[in-house]
Amino acid sequence: MITIRQEEKKDHQQVFQLTEEAFREMEHSDHQEQFLVEKLRRSEAFIPELSLVAENEDGRIAGHILFTKLKIVNGTESFESLALAPVSVKPEFQNQGIGGRLITTGHRIARELGYQSVILIGHENYYPRFGYKKTSNFGISFPFDIPEENGMAVELVKDGLKNKKGVVKYPQEFGTD
């Protein structure tokens with residue numbers, strides 16, 4: 001039995017550890033995700049309602065997801081969107097649908113908060129099941145080189161990215177400048 005709820009201050013240490021564990025064996029990781037979460041929590045991009053944990057019946061945290069504000073910039077125009085990063089599931093709880101529940105719950109809450117889209121860099125075989133498509137389909141690019149199939153976006157509402165072309169501008173905490 002897994003419960004998805006908003007992360008609380010008392011969860012921070014467990015989330016730090018589980019994020020480190022979740023990415024320890026990941027080939028395409030800088031293994032700094034746990035520090036990124038800490039930086040983002042202190043940033044203006046942080047949205048407390050979109051820092052979610054998956055908690056098991058023993059009160060142990062099995063997973064965590066974080067959505068933060070980002071912008072899509074096109075010359076003088078700027079559009080608000082969300083970054084999904086990272087999604088972390090403790091290794092012993094992986095492949096049980098916890099990451100998927102965190103994603104779908106996060107999408108629902110983001111929609112309720114008025115957000116229209118989410119952008120991520122992730123595995124091309126995983127995220128499309130949640131509606132993610134290549135950002136290039138929307139005319140959105142990244143300020144650095146990534147394989148095209150790994151940059152993805154989802155519209156949380158109909159036409160959430162219509163005519164919102166441009167380059168993703170991450171919060172400075174991502175260290176992408």
Side-chain angles (χ1 to χ4, degrees), residues 1-7 11 15 18-19 21-23 25-29 33-34 36-37 40 45-56 61-72 79-142 146-171 174 176:
M1 186 57 201
I2 294 285
T3 306
I4 309 289
R5 63 169 175 79
Q6 185 175 328
E7 179 193 42
D11 302 322
V15 168
L18 97 82
T19 305
E21 283 178 44
F23 286 92
E25 305 296 323
M26 293 286 249
E27 183 185 342
H28 299 291
S29 166
E33 290 82 2
Q34 65 274 23
L36 174 62
V37 170
L40 288 168
F46 184 67
I47 306 160
E49 299 88 340
L50 289 173
S51 183
L52 304 173
V53 293
E55 185 177 60
N56 71 9
I61 295 176
H64 173 256
I65 194 168
L66 184 59
F67 295 84
T68 49
K69 296 176 198 170
L70 65 67
K71 297 205 177 303
I72 302 163
F79 311 101
E80 194 162 80
S81 186
L82 294 171
L84 190 179
V87 181
S88 310
V89 178
K90 261 178 125 44
E92 65 263 33
F93 293 105
Q94 289 175 3
N95 302 311
Q96 296 177 27
I98 293 170
R101 286 197 45 211
L102 285 163
I103 292 167
T104 55
T105 302
H107 284 177
R108 179 183 51 77
I109 294 168
R111 223 179 350 266
E112 290 167 2
L113 292 173
Y115 292 96
Q116 298 186 358
S117 63
V118 179
I119 293 173
L120 63 79
I121 298 170
H123 200 284
E124 68 274 12
N125 295 329
Y126 182 70
Y127 291 97
R129 68 183 81 165
F130 304 104
Y132 284 84
K133 297 176 173 67
K134 291 189 283 194
T135 52
S136 56
N137 294 353
F138 301 104
I140 296 169
S141 62
F142 292 86
I146 60 162
E148 183 185 6
E149 65 273 12
N150 298 127
M152 290 175 262
V154 67
E155 294 176 302
L156 298 173
V157 297
K158 184 173 173 18
D159 295 331
L161 285 169
K162 188 173 183 172
N163 300 320
K164 295 184 178 171
K165 299 174 180 0
V167 178
V168 173
K169 174 123 177 74
Y170 281 98
F174 278 92
T176 57

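Values below: every heavy atom of this structure, side chains too, minus hydrogens, waters and symmetry copies.
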(message) Are there over 12 heavy-atom neighbours, none belonging to Asp159, within less than 6.0 Å of that residue's CG?
(response)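 Yes, because the 6.0 Å sphere around CG of Asp159 holds more than 12 heavy atoms from other groups.
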
(message) Quick check on Glu25: does its CD atom have over 12 non-hydrogen neighbours (other residues, nucleotides or ligands) under 6.0 Å away?
(response)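 Not more than 12 within 6.0 Å, no.
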
Nearest 0.5 Å, what's the [atom1]-[atom2] distance between [X] and [Y]?
X	Y	atom1	atom2	result
Glu33	Phe23	CD	CZ	4.5 Å
Leu18	Glu92	CG	CD	9.5 Å
Ile61	Glu55	CD1	CD	6.0 Å
Leu84	Ile119	CG	CD1	11.0 Å
Arg101	Thr3	CZ	OG1	7.5 Å
Glu21	Gln34	CD	CD	10.5 Å

(message) Does the plane of the ring in Tyr132 sit parallel, tilted or perpendicular to the ring in His107? Use 30° and 60° as the thresholds.
(response)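 Plane angle between 30° and 60°, so tilted.
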
(request) Please answer whether the main-chain N or O of Tyr126 pairs with a side-chain N or O of Arg129 as donor and acceptor at a distance below 3.5 Å. (result)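 At least one qualifying donor-acceptor pair exists.
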
Search all heavy atoms of [X] against all heavy atoms of [Y] and return the closest pair with its distance.
X	Y	value
Ile103	Phe67	O-CZ, 4.2 Å
Leu161	Ser117	CD2-OG, 3.4 Å
Pro128	His123	CD-O, 4.2 Å

